[in-house]
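Notes follow once the structure below has been shown.
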Amino acid sequence: MKSWDAIVVGAGIIGLSLAIELNKHGLRVLVVDKGEPGREASWAAGGMLADFPAETPPALRELATASALMYPEFVRELEDESGLKIDLRSVGTLILAGVETGQSLTGTQTYALPRPLAELEPVLLIRDGASRFTVLFAKERCVDPRDLTLAAIAAGRRRGIDFSSGDQVLAVEVANGKACGVRANKTKFPAGMVVNCAGAWAGQIGPHAFPTRPVKGQMLSVIMPQKELVRHVVRTPDVYLIPRSDGRLVIGATSEEAGFDKQTVPETIQKLRQAAIDLVPKLAEARILEVWAGLRPGTPDGVPILGATPTPGYFVATGHFRDGILLAPVTAKLVAQTMIGQTAEIDVSKFSADRFAN
Ligand SMILES: Cc1cc2nc3c(=O)[nH]c(=O)nc-3n(C[C@H](O)[C@H](O)[C@H](O)COP(=O)(O)OP(=O)(O)OC[C@H]3O[C@@H](n4cnc5c(N)ncnc54)[C@H](O)[C@@H]3O)c2cc1C
């Protein structure tokens, strides 16, 4: 029977990036997914690489900044290894913060607009002008998460990583107190180590019940009447707009506690579309291309669960909530270092599942 050095449960962007990183360290890796690789939250995401202090939980800021810096190289490597193109945009983000939130950062050097708003994004209509919004500029990038996951799957295959699709992992197998593989619905897979990257479903896999939960997000994409009609990512408290270089515009997103339901609701999609039109009236002419919903992997404190578990040889990398696309490169690096017994470059002990022990 074939066996592996490491089994990665879950072929979302976290599992895929980690599988590649483990393979770079010389490990033979199997990735097991209950469905088709890369088709859950990582397919549904907007792809903002948001590293804005007022929005990122303090516990995550060091990881967020480190990962944002790793992104250009992460993407270049995946493009080289897969032969696929990934839409990574560096135009920047306009953050329209509600003044009433009291989080006005105007005047700070980092977030000052490089040019007047009317030049940066002429199609933007800001109702009530400065009385309602403080407009900030962040040098954040954005990426098409579907390009990214497809490239990561192709790069993984080219590296010789094995994939098993349609295999739902039920539990991690333990022998002599140590993880020795996984038990899936159809078969067992043996390995020296296992890492749980099952996103919103991570808590369903024994023996440890990680407190992850699904947080539903509905979104839509439209075809802009002109390519580059909207050039920047635009975020407001009600809606965000993410342009793609091929002329699509992604409009998101709701945040709902709805269990594992992934249905879209026409009225909700219409509200998002209207909020986008309120910001950019020309979008009234834009044709809807697609509507969808995905499940963010949430945790009780909104921060990921990373590192070793109480079972030797069993690790976890999940709970990335609304930042999993951003955090994939740094998560892969740090969790791989932990798994092979190196000291992680950034201390991940505060992300341990132990914090939920009581
Ligand atoms: C609407 C929306 C917008 C978002 N926007 C952004 C954004 O702009 N920027 C950002 O950084 N993040 C964003 N996110 C968050 C981001 O998508 C997630 O944090 C990230 O994709 C999580 O990746 P993952 O690999 O952990 O999970 P997933 O991509 O969900 O992958 C988990 C995988 O595990 C598999 N699996 C589950 N259970 C089992 C099992 N028992 N056995 C085998 N396989 C299993 C699943 O089939 C799935 O393929 C958004 C999410 C949503 C839903």
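Whatever order the structure lists ligands and atoms in, that order sets their numbers, starting from 1.
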Members sharing Ile242's hydrophobic cluster (side chains within less than 4.5 Å)
Met48, Met219, Val233, Tyr240, Val250, Trp292
Taking the six-membered ring for Trp, are Phe74 and Tyr71 parallel (under 30°), tilted (30 to 60°) or perpendicular (over 60°)?
perpendicular
Who are the residue neighbours of ligand 1 when the rule is a heavy atom under 4.0 Å from any of its atoms?
Val9, Gly10, Ala11, Gly12, Ile13, Ile14, Val32, Asp33, Lys34, Glu40, Ala41, Ser42, Ala44, Ala45, Gly46, Gly47, Met48, Asp167, Gln168, Val169, Cys197, Ala198, Gly199, Trp201, Ile205, Gly217, Met219, Tyr240, Gly294, Leu295, Arg296, Pro297, His320, Phe321, Arg322, Asp323, Gly324, Ile325, Leu326
Below 3.5 Å, can you tabulate the donor-acceptor pairs from side chains in residues 29-37 to any protein atom, sequence neighbours excluded?
{"from": "Asp33", "atom 1": "OD1", "to": "Gly35", "atom 2": "N", "distance (Å)": "2.8"}
{"from": "Asp33", "atom 1": "OD2", "to": "Ala11", "atom 2": "N", "distance (Å)": "2.7"}
{"from": "Lys34", "atom 1": "NZ", "to": "Glu40", "atom 2": "OE2", "distance (Å)": "3.3"}

Pairs meeting criterion ring-ring contact (aromatic ring centres under 6.0 Å, His included) with involvement of residues 187-206, two or more places apart:
Trp201-Phe260
Answer yes or no: are there more than 12 heavy-atom neighbours, outside Glu290 itself, under 6.0 Å from its atom CD?
yes
Would you tell me whether Arg89 and Ser245 have side-chain atoms, one donor and one acceptor, within less than 3.5 Å of each other?
yes
